[in-house]
Amino acid sequence: MISVEIKSVVKNFGTQRALDGISLTIEPGELFFLLGPSGCGKTTLLRSLAGFYIPDSGSISFGGEDVTRVEPHLRNTGMMFQSYALWPHLTVGENVAFGLEMRGLGRAEIADRVKAALESVKMGHLAERKPNALSGGQQQRVALARALVVRPRCLLLDEPLSNLDAKLRLEMRSEIRRVCKEFGLTTIYVTHDQKEALSVADRMAVLDGGKLLQLGSPLEVYQRPKSRFVAEFIGETNFLPGTVLRSSPGSALVKTALGELVGVVPEGESAPAGSAVTVSLRPECVHLERQPVEENGFAGTIGESVYYGESAQHTLLAGDEKAPVRLKVTEFNPRFLGGRGGSDVYAWADPDDVVVLSR
C-alpha cells in the first residue's frame, strides 16, 4: 500500500486549463473517487497519475517517490478503462497474462498469478473463453483481473461501470470494493455517477472547471456541501435565498421566505450577521406533520405527489400564498398524498439538516 500525493498540479491543453492547481493526498489502501461533470478535469488528473499526461507544473508522488515525469510502464499502476480494452483473439487467461509476459516473468509464475487473479474476481472457470463469449459484467471482471495480476502500486479506474446495465453496475460496485480492500490497494476511481461514489468511496473529491471544490467522506460531502455547486451536483436539494439574522460558530439563524430557519455553517465557512446566504435543504430532510412544530417549522400545501409505495415525492407549496416557494419533499413510508384540491400540512427540518451556504 502506498500514498499518492498531488501537489499544485496544472495541466493546459492549448488555451484551456484542464487542471488548475490541484493538491490532495490519497492515503495508503484508500478507495478514493474523483467526481464531477464532464469536462471537470477528473480524467485528465487520472491520466496524469498514470503517466499518459505530464503536468505543466506541480508534482505527483507515489509513496514519497516523485513520478511526475516517469514513463507510464515504469510506474507500476494497474488501469481499468471504460471500454474493457480486451484482446478479442486471446482467451481470458491470455488477456490477463499479457502484462506479465511483457515484464518477462517465467511461465510457471505467470500461470500461478493468472490463476490467483481470475479466482479473486470469480472468473477462474472461464479462463479458456474468448471475450466475445462473455457478458459485459464478466468482461469487466477480466479487465479487473488483468489490472490486479501485475500487483500494481495503485489501481486507476476510469468510469469502469458506465457500459453496464443498472443491475450489473450495482453488482460490480460491491465487487470492486471487495477486491480493492482484499488486496489492500490504493485505488483512484473516476466517475460522474454520484450514487456510485457515495456507495463505494472511502473519500471523494468533487471537481469542476479544473478546480478542487470539496474533499471529504461521502457523508461529509453529501450532508455538509460547501458550495451551491456541490450541493446541487451531489443529489437533489432545495435552495432558499436568505439573510443571516444571528450567527455563532458553526450555526446561523436565517430569515427566508419560509420564515426563520436555524442551520449549520460548514466547517471553514462563515456567515456573519447581515450577510446574504443560500440555504440548502434536501428533500428527504423536510418532515411532514399534522400539528405545527415550533423550531424550523412552517405551514404548506402538498400540490402534487408521486407515490412509489415505500416513498412519495411531493411538491410542497409554502410561504407567501401569492408567490409560494415550491419545495421538493421526499416522504418515506408516506402518510400524506396531494390531491386535486391539495393537502394542508405542517413541515419542519432539523437544524443539522439545514445547510447555510455563502451566496
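All heavy atoms count here, side chains included; hydrogens, waters and symmetry mates do not.
Here Arg177 pairs with Asp202 in a salt bridge; the nearest charged N to carboxylate O distance falls below 4.0 Å. For the pair Lys115 and Asp112, the salt-bridge criterion is not met [side-chain N within less than 4.0 Å of a carboxylate O]. A salt bridge links Arg178 to Glu182: one of the charged nitrogens lies within less than 4.0 Å of a carboxylate oxygen.
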Check against side-chain hydrogen bond (donor to acceptor under 3.5 Å, both in side chains), Asp344 and Thr301:
CA-CA 4 Å; Asp344 293 335; Thr301 301; 2.8 Å; yes
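Within a 6.0 Å sphere centred on CZ of Arg326, other residues, nucleotides and ligands contribute 12 heavy atoms or fewer. For CZ of Arg359, the number of neighbouring non-hydrogen atoms (other residues, nucleotides, ligands) closer than 6.0 Å is greater than 12.
For the side chain to side chain donor-acceptor pair (under 3.5 Å) condition, the pairs that include at least one residue of residues 25-40, sequence neighbours left out, are Glu30-Arg203. For residues 278-336, the set of pairs meeting the ring pair (Phe, Tyr, Trp, His ring centres under 6.0 Å) definition, not counting sequence neighbours, comprises His287-Trp348.
Side chain to side chain, Thr68 and Ser59 fail the donor-acceptor criterion of an N or O pair below 3.5 Å. One side chain, Gln313 or Thr330, offers a donor N or O that lies under 3.5 Å from an acceptor on the other. At a cut-off of 3.5 Å, with distance as the only test, a side-chain donor of Glu196 or Tyr189 sits close to an acceptor on the other residue.
Cluster partners of Leu90 are Trp87, Phe98, Met102, counting Ile, Leu, Val, Met, Phe, Trp and Tyr whose side-chain heavy atoms approach within less than 4.5 Å, directly or via other members.
Going from atom CE of Met80 over to atom CD of Glu159 covers 12.5 Å, rounded to the nearest 0.5 Å.
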